[in-house]
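Worksheet for the structure shown next.
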Number of protein chains: 2
Amino acid sequence: MAGRTDTKTRILDAAEKLFAERGFSETSLRLITSKAEVNLASVNYHFGSKKELIRAVLARYLDVFMPTAASEIKRLHLAPEHASLNEIFSALIKPLLELNKVRNGGTIIFLQLLGRGYIESQGHLRWFITTHYGQHLSTFVQAVSASAPHIPPAEMFWRLHFTLGTIVFTMASADALNEIAASDYGEHNNTEAIIRKVIPYMAAGVAVPVISNE
Amino acid sequence: MAGRTDTKTRILDAAEKLFAERGFSETSLRLITSKAEVNLASVNYHFGSKKELIRAVLARYLDVFMPTAASEIKRLHLAPEHASLNEIFSALIKPLLELNKVRNGGTIIFLQLLGRGYIESQGHLRWFITTHYGQHLSTFVQAVSASAPHIPPAEMFWRLHFTLGTIVFTMASADALNEIAASDYGEHNNTEAIIRKVIPYMAAGVAVPVISNE
DNA sequence: TCTCAATTTAAACACCCGTTTAAATTAATC
DNA sequence: GATTAATTTAAACGGGTGTTTAAATTGAGA
């Protein structure tokens, strides 16, 4: 090893911030490396390509979040299947907020990256996540399904993606929404407050009975 | 007037399709004009810039959707304030599906454009919509508020944006989700079927009682 | 039919992009 | 301290971007 030892980290730190606030394709490697104060070519040296840098940025969060989230779900009252949907979703708050300790604003950065990734990379990221973290994901899906046994699996599939959309879109626009809420209603919410607002909404939507329709 | 009369239309038609499926910044003017079989420079001649083209693409849908949606809400049983949330959201189905008559796949194109716009253009589109269609929007917000009077205005503000996120993220990934649903559950949903799935979810979320919390 | 304005066209402009190269520099190993 | 491998650096490469220009073409109106 040689040189300043943390070039990789400097790149990741600068990249995640820029990716989260302007999206992947709107963020050039030149912008990243200038913010990180490293040479342009070092991205390709350390990560191979921009696409792999994007994956590395996401993996750094997913590697922390996924295992702790799954274990939080598992030890819900030592019996996840008897937990309410609100409890299950709420069990994700702590793992999410702990990302703030990893890095300042880590929680919202992670959720914004997730949203950007799902929308910008047409299915590419979806594949990456399900193949790398499928085990942890199904822990979550099983707990939710057990808690809402009246929802058929196919319907649950859709509703969990509705839920993903809700949280991810909200966080992507969180700053703008917070500004409006502050000027229109005098409200000032941090990331945790927004998460606590959205959980009852999602839990109610996931559990609402399926009607056969007229 | 001179030349082929429908150059503007050819550009708009090609642009909306490409914008919806790959996003604004990922779609070059050269790709648009080659699909539209018009000259590259005609975009700047007719629209001024790419940014104004994006706005024109969106306005063409909003100009149709917003007035009919607002009038559908207004004539809900001749008394919108006594309609259920499900009825109010469902009143948007017809205006949405009529976009399919304007152009093939118009409904999903519109919703995808909306989502792309909200996420890619950091607040820029939000401003455009609220200033140009604010009247129609508040018709909708008032009907929803009257139907869920137990939700304070500030909370309703957040929940309606949760709702926007739900529908818009879902439609942006609709094709991918439909593929998975087809292979995993043998389901085949068209745009209308997905909209009908998402409405109960959103209605339940918007109306769920606010808890003061521990 | 001639005139003139609207439109279309091909070409160029100036700039930004991700990636590669080869030399310079740095740190570790013997 | 010499050797070697890892890293950093400046520069260039090839290509794509939105936009502008000026000439060519088109279609009405007089």
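Residue numbers start from 1 in every chain, and the chains themselves are labelled A, B, ... in the order their sequence lines are given, proteins ahead of strands.
Rounded to a whole Å, the CD atom of A:Glu37 is 14 Å from the P atom of D:dT8. Rounded to whole Å, the distance from CG on B:Asp6 to C1' on C:dT8 is 13 Å. For the pair A:Ile54 CD1 and C:dC17 C1', the interatomic distance rounds to 14 Å; values are reported in whole Å. One interatomic measurement links the two molecules: CD of A:Glu26 to P of C:dG18, which rounds to 11 Å at whole-angstrom precision. Between B:Lys8 atom NZ and C:dT7 atom P there is a gap of 9 Å when expressed in whole angstrom units. Atom pair A:Asn39:CG and D:dT8:C1' shows a separation of 6 Å (rounding to whole Å applied). Between B:Phe47 atom CZ and C:dT7 atom P the separation is 12 Å, expressed in whole Å. We find that CG of B:Leu18 is positioned 12 Å from P of D:dG18, with the value rounded to whole Å.
Take A:Phe157 and apply the ring-ring contact (aromatic ring centres under 6.0 Å, His included) test, not counting sequence neighbours, and it matches A:His161, B:Tyr185. With sequence neighbours left out, the ring-ring contact (aromatic ring centres under 6.0 Å, His included) criterion links B:His46 to no other residue. Residues satisfying the side-chain hydrogen bond (donor to acceptor under 3.5 Å, both in side chains) test with A:Lys197, not counting sequence neighbours, are B:Glu155. Every residue was checked against the ring-ring contact (aromatic ring centres under 6.0 Å, His included) condition with B:Phe169, not counting sequence neighbours, and none meets it. Residues passing the ring-ring contact (aromatic ring centres under 6.0 Å, His included) test with A:Tyr45, sequence neighbours excluded: none.
Between A:Ser28 and C:dC17 there is a side-chain polar atom (N or O) within less than 4.0 angstrom of OP1 or OP2. Side-chain nitrogen and oxygen atoms of A:His46 include none within less than 4.0 Å of the OP1 or OP2 phosphate oxygen of D:dA6. Checking the phosphate oxygens (OP1, OP2) of D:dT7, no side-chain nitrogen or oxygen of A:Thr7 falls inside 4.0 Å.
Note on ring orientation: taking the six-membered ring where Trp is involved, the planes of A:Phe140 and A:Phe89 are tilted (angle from 30° to 60°).
Across all strands shown, B:Ser25 has no heavy atoms under 4.0 Å from either base or sugar-phosphate atoms. Using a 4.0 Å heavy-atom criterion, one finds that A:Thr33 contacts no nucleic acid atom at all.
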Point to revise | Base-contact (B) and sugar-phosphate-only (S) positions in nucleotides 19-25 of chain C, heavy-atom cut-off under 4.0 Å, - elsewhere | key: BBB----
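Enclosure of atom NZ in B:Lys50 by more than 12 non-hydrogen atoms of other residues, nucleotides or ligands within 6.0 angstrom is indicated.
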